[in-house]
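So the structure is just underneath, and the comments pick up after that.
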Amino acid sequence: MNKLLDYIFLMRPMLIIPVWTISLLGARASLWRERGTSPITIDRYPFVDFSTSDLNILAMLGLATLLAGGVFILNQIYDADTDRINKKLFLISDGHISAAEAWKLYIAVTAIAILGAFLMNWQLGCLFVVGAWFGFQYSYPHFKLREHPYKSFRNNIVAHGMLAFLFGWVMYLNFNIEGIIKSVPYLLAVGAVYLNTTLPDLEGDKTSGKTTYGGMWGVVKTQRTSFMLVLSGMLFSIMTADYGFTVTALVTSPFFLVAWLKESIAVSTVSSKVAILALSIFAAIFFPLYAAVLIFTIVLTRIY
């Protein structure tokens with residue numbers, strides 16, 4: 001049982017929460033568009049009528065869990081030395097799970113995710129292939145993304161922001177330019193959070209030779225850029241009539257601002273958690289079952 005839990009938490013379910021959240025919000029946006037409903041129509045807002053019998057959404061989230069979990073497994077395989085220095089993600093770095101075991105699990109969950117996605121929807125399958133490639137490219141040393149902050153940043157925001165949104169979008173509508181445009185606020189939000197996550201690991205990244213914007217720019221410029229990305233996402237959400245995102249950005253932007261003004265890495269960490277929580281609450285409003293999934297995941301993680 002303990003080994004099974006090790007395998008589950010090797011996939012880092014807490015980091016998959018943003019993927020679930022953004023995918024659900026992508027599904028919400030496409031369902032509204034498919035029904036021709038305005039997001040500010042009072043008699044239909046804020047709830048979207050997701051049918052409890054519609055297992056496709058849950059299946060998509062399950063497959064996205066395997067896909068994202070595989071990416072995080074691969075990342076830990078190649079980041080074992082850095083994780084040891086930073087004293088985090090101990091499962092591989094401390095030898096609880098061997099690299100060989102981790103590779104087998106990565107291949108299995110990625111293959112199942114992609115195959116399952118194609119069985120559901122060929123467009124979803126294609127998006128999963130792109131997501132798997134971005135994740136592989138991010139971690140595999142041959143591509144040297146460690147040495148290119150821009151490429152690391154690009155892969156993160158596209159995979160966890162745009163692609164995650166499109167996973168949900170293609171559940172009700174075909175892949176199109178509108179879906180890409182509507183994903184931009186989420187892409188920018190992921191960018192803001194990603195920049196913050198590079199700050200606590202500055203020492204370990206420097207020792208291992210990993211180059212991030214946090215290490216290249218320093219704390220202040222990274223925090224300032226993160227704040228500007230939040231504002232840009234809020235403005236873009238207004239232009240795309242995604243007012244739920246606008247509200248969450250308004251709630252979270254002061255935390256990013258305070259982190260910048262105080263030059264506090266601790267506040268940056270808090271701001272990222274608040275942003276993820278706010279978007280997750282937003283998603284749970286439209287898909288109430290998601291609240292139960294979130295609570296279960298958080299409680300199980302704490303127990304583990």
Given side chains that start at C-beta, do those of R224 and V220 come closer than 4.5 Å, heavy atoms only? yes
Just checking F128 against F167, ring centres under 6.0 Å apart? yes
Before you tell me yes or no, could you show the steps for I276 and T21 under side-chain contact (heavy atoms from CB on, under 4.5 Å), namely the whole-Å CA-CA distance, both residues' side-chain angles and the distance that decides it to 0.1 Å? CA-CA 8 Å; I276 294 170; T21 296; 5.7 Å; no
Could you measure the distance from the CG atom of L166 to the CG atom of N176? Nearest 0.5 Å is fine. 9.0 Å
Residue pairs meeting ring pair (Phe, Tyr, Trp, His ring centres under 6.0 Å), one or both in residues 248-272, sequence neighbours left out, come to F227-W260
Are the side chain of S23 and the backbone of A164 linked by a donor-acceptor contact shorter than 3.5 Å? yes
Mutual orientation of the aromatic rings belonging to Y106 and W103 [parallel < 30°, tilted 30-60°, perpendicular > 60°]: perpendicular
Indicate the atoms forming the closest heavy-atom contact of T297 with I17, along with that distance. CG2-CD1, 4.4 Å
Pair V293-Y290, side-chain contact (heavy atoms from CB on, under 4.5 Å): steps then yes or no: CA-CA 5 Å; V293 174; Y290 184 46; 4.2 Å; yes
Hey, could you give me the OH/CZ distance between Y138 and R154, rounded to the nearest 0.5 Å? 11.5 Å
Quick check: do D242 and R28 have side-chain heavy atoms less than 4.5 Å from each other? yes
Is it the case that the side chain of T252 and the backbone of T248 share a donor-acceptor pair, with hydrogens and angles ignored and the cut-off at 3.5 Å? yes
One pair to check against side-chain contact (heavy atoms from CB on, under 4.5 Å): I177 and I181. What are the steps and the verdict? CA-CA 6 Å; I177 190 64; I181 292 172; 4.1 Å; yes
Distance from N174 atom CG to N121 atom CG, nearest 0.5 Å? 8.0 Å
Identify the heavy atoms of A159 and L163 that sit nearest to each other, and give their distance. O-CB, 3.4 Å
Cut-off 3.5 Å, side chains only: do N196 and S271 have a donor facing an acceptor? yes
Are Q223 and K262 packed together at the side-chain level, in the sense that at least one heavy-atom pair is separated by less than 4.5 angstrom? no
Do the side chain of T198 and the main chain of L195 share a donor and acceptor less than 3.5 angstrom apart? yes
Check whether any side-chain heavy atom of V190 sits under 4.5 Å from a side-chain heavy atom of I22, and report yes or no. yes
Is a donor on one side and an acceptor on the other found under 3.5 Å between the side chain of S183 and the backbone of I180? yes
For the ring pair F282 and F245, is the centre-to-centre distance below 6.0 Å? no
Under a 4.5 Å side-chain heavy-atom rule over Ile, Leu, Val, Met, Phe, Trp and Tyr, are L119 and L124 clustered together? no
Quick one: do the Y194 and S152 side chains pair a donor with an acceptor below 3.5 Å? no
Do V129 and F165 belong together in a cluster built from hydrophobic side chains that touch within less than 4.5 Å? yes
So, do Y172 and I57 sit near enough that their side-chain heavy atoms are less than 4.5 Å apart? yes
G168 to S30 - nearest heavy-atom pair and separation: O-OG, 3.6 Å
Please identify each residue that fulfils ring pair (Phe, Tyr, Trp, His ring centres under 6.0 Å) with F118, with sequence neighbours left out. none
One should read off an interatomic distance between T222 OG1 and W217 CH2, to the nearest 0.5 angstrom, of 6.5 Å
Work out which heavy atom in E263 is nearest to a heavy atom in V219; give both atom names and the distance. O-CG1, 4.2 Å
Please lay out, stage by stage, how E178 and W169 fare under the test side-chain contact (heavy atoms from CB on, under 4.5 Å). CA-CA 10 Å; E178 182 181 0; W169 180 267; 4.0 Å; yes
Please answer: with hydrophobic residues joined when any side-chain heavy atoms are less than 4.5 Å apart, are Y140 and I114 in the same cluster? yes
What about L257 and V274, same hydrophobic cluster or not, with Ile/Leu/Val/Met/Phe/Trp/Tyr joined at side-chain heavy-atom distances under 4.5 Å? no
If I take atom CG from residue L294 and atom CE from residue M14, how far apart are they, to the nearest 0.5 angstrom? 8.5 Å
Once rounded to the nearest 0.5 Å, what's the spacing between atom OG of S253 and atom CE of M228? 11.5 Å
Contact between M171 and M120 at the side-chain level, heavy atoms closer than 4.5 Å - yes or no? yes
What side-chain donor-acceptor pairs closer than 3.5 Å can you find for residues 65-74, not counting sequence neighbours?
residue, atom, partner, partner atom, Å
T65, OG1, W20, NE1, 2.6
T65, OG1, L61, O, 2.7

Between L277 and L25, is there shared hydrophobic-cluster membership here, with clusters defined by ILVMFWY side-chain heavy atoms closer than 4.5 Å? no
Could you check if a side-chain atom of V184 sits within less than 4.5 angstrom of a side-chain atom of T240, using non-hydrogen atoms only? no
Heavy-atom closest pair (A192 atom, L229 atom, distance to 0.1 Å) is N-CD1, 3.6 Å
Is the shortest heavy-atom distance from the side chain of M11 to the side chain of V109 under 4.5 Å? yes
Search all heavy atoms of V230 against all heavy atoms of A249 and return the closest pair with its distance. CG1-O, 4.2 Å
